[in-house]
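Written below as structure tokens is the structure these notes are about.
Quick caveat: nothing in here was measured; it's all calculated off a predicted structure. All residue numbers refer to positions in the sequence shown, counting from 1. Computed from heavy atoms alone, side chains included, the values below leave out hydrogens, waters and symmetry copies.
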Amino acid sequence: MSPLLDNPTAPTAAPAAVDSAPGYRPGRTLPLRVEALRQWKRRRTLIMGGILVALPFVLLIAFAIGGDSDSDGRGRITLMDTATASGANFAATCLFVSAGFLLVIPVALFCGDTVASEASWSSLRYLLAAPVPRSRLLASKLAVALGFSAAAMVLLPLVALAVGTVAYGWGPLQLPTGGSVPAGDALLRIAVAVAFVFASQLVTAGLAFWLSTRTDAPLGAVGGAVGLTIVGNVLDAVTALGDWREYLPAHWQFAWIDALQPQLEWGGMVKGTAISLTYALVLFALAFRGFARKDIVS
């Protein structure tokens, strides 16, 4: 059986072409710009971007209709209560309401749909017969998927900051714990929070990408990654697990709130990043290893 294709009708001369074709360089196959342009033109990319852009406006309307609240009903001031204090507060609030689930969707979508969609279109085997080395194909698709995921993480707070500044003005970040952070420092704090949110979503990215190399159904890869992420959140809520919960990536997903304290705290974010990165590297390695040995029939 061919190491590239197990389809008996596939061209058998492709391996020889690697050695004989003049000017062939494996590292130049499937350039990142080509893959990025292909993904950019996908309808799901535009729809996902539209949802992320629309969320700040939805929250703006909700605050306008509902008015302001002073506390959570128990005398505590929360991040939601300071949302209308400034543009920085509004951006932080949008990040807070979306980090737990909404921002999981674009990561699972971009990383889970990338390889499985090629298989579902029956175009994957033709890419490999071009020939594009398997490791090169996966590396290009993973890099672009992570790039689009990072762009989604940045897009939401950027739009929220712009919308909030127009609606509530430019000013310091009012902290729920009391005090404030100057506007310039607030931008740095929010940037740190966004970076951590992206790092914490690498586990979802790894799950989605690994599943994408194992199935020909994009919806299965995307849904499986989202479902397993939800399972992680449920397990983190089981207090009977005790200290074992600290090994769950979901346990640290809101550690970025430490960036919105009077003194920036790094402990939780460092632990959460280390755990998320460890899981992600294992899952990415499994994806590359499994795909290198897989018979491609789609």
Side-chain angles (χ1 to χ4, degrees), residues 52-104 150 152-202 233 236-237 239 245-246 248-276:
L52 294 175
V53 170
L55 178 63
F57 292 95
V58 173
L59 288 181
L60 183 68
I61 296 173
F63 283 124
I65 295 175
D68 299 330
S69 60
D70 295 327
S71 67
D72 63 353
R74 291 175 290 181
R76 297 185 307 178
I77 301 299
T78 67
L79 190 61
M80 294 292 291
D81 300 316
T82 63
T84 60
S86 67
N89 280 92
F90 186 72
T93 301
C94 287
L95 191 62
F96 176 75
V97 301
S98 60
F101 182 73
L102 179 61
L103 289 180
V104 174
M153 301 291 170
V154 174
L155 177 63
L156 176 63
L158 274 181
V159 174
L161 184 63
V163 172
T165 300
V166 172
Y168 308 120
W170 177 257
L173 176 67
Q174 302 295 330
L175 303 177
T177 55
S180 63
V181 175
D185 292 340
L187 293 180
L188 178 60
R189 300 285 191 95
I190 293 175
V192 169
V194 171
F196 175 76
V197 170
F198 174 71
S200 67
Q201 297 296 345
L202 287 176
N233 292 335
D236 182 56
T239 56
R245 293 186 302 161
E246 296 185 6
L248 296 172
H251 185 72
W252 305 98
Q253 64 178 333
F254 287 105
W256 60 268
I257 295 180
D258 290 342
L260 306 183
Q261 303 298 326
Q263 295 295 326
L264 196 153
E265 299 288 341
W266 292 99
M269 288 187 286
V270 170
K271 291 179 181 178
T273 299
I275 290 176
S276 179

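Formation of a donor-acceptor pair under 3.5 Å by the Trp256 side chain with backbone atoms of Met269 is not found in this model. Judged by distance alone, with hydrogens and angles left aside, the side-chain atoms of Arg189 form a donor-acceptor pair with the main-chain N or O of Gln261 at under 3.5 Å.
When all heavy atoms of Ile190 and Ala91 are compared, the pair lying nearest together is CD1-CB, 4.2 Å. Nearest heavy-atom pair across Ala88 and Gly171 is CB-O, 4.4 Å. Among all heavy-atom pairs drawn from Ala99 and Gln201, the shortest one is O-NE2, 3.5 Å. The two atoms that bring Ala83 and Phe63 nearest to each other are CB-CZ, 3.5 Å, heavy atoms only. Summarising the geometry of Ala92 relative to Leu173, their closest heavy-atom pair is CB-CD1, 4.5 Å, with the distance given to 0.1 Å.
Here the CG atom belonging to Leu55 is positioned 11.0 Å from the CG atom belonging to Leu60, to the nearest 0.5 angstrom. Atom CZ of residue Phe196 and atom CH2 of residue Trp266 lie 11.0 Å apart, to the nearest 0.5 angstrom.
Of the residues Leu95, Leu52, Leu103, the one that meets the side chain to side chain contact (heavy atoms under 4.5 Å, CB included) test with Met153 is Leu103.
The side chain to side chain contact (heavy atoms under 4.5 Å, CB included) search around Pro56 returns Phe90, Cys94, Leu156, Val159, Ala160, Val163, not counting sequence neighbours. Listed by chain and residue number, nothing satisfies the side chain to side chain donor-acceptor pair (under 3.5 Å) test with Asp258 (two or more places apart in sequence, or in another chain). The side chain to side chain contact (heavy atoms under 4.5 Å, CB included) test applied to Ala199 returns Thr273, not counting sequence neighbours. In this structure Pro182 satisfies the side chain to side chain contact (heavy atoms under 4.5 Å, CB included) test together with Asp185, sequence neighbours excluded. Not counting sequence neighbours, the partners of Thr165 by the side chain to side chain contact (heavy atoms under 4.5 Å, CB included) test are Leu161, Trp170.
Summarising the local packing, CZ of Phe254 is surrounded by more than 12 heavy atoms from other residues, nucleotides or ligands at distances under 6.0 Å.
For residues 87-97, the set of pairs meeting the side chain to side chain donor-acceptor pair (under 3.5 Å) definition, not counting sequence neighbours, comprises Thr82-Asn89, Ser86-Asn89.
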For side-chain hydrogen bond (donor to acceptor under 3.5 Å, both in side chains), just list the numbers for Asp236 and Gln253, CA-CA rounded to whole Å, side-chain angles, deciding distance to a tenth of an Å, and then say yes or no. CA-CA 10 Å; Asp236 182 56; Gln253 64 178 333; 5.6 Å; no
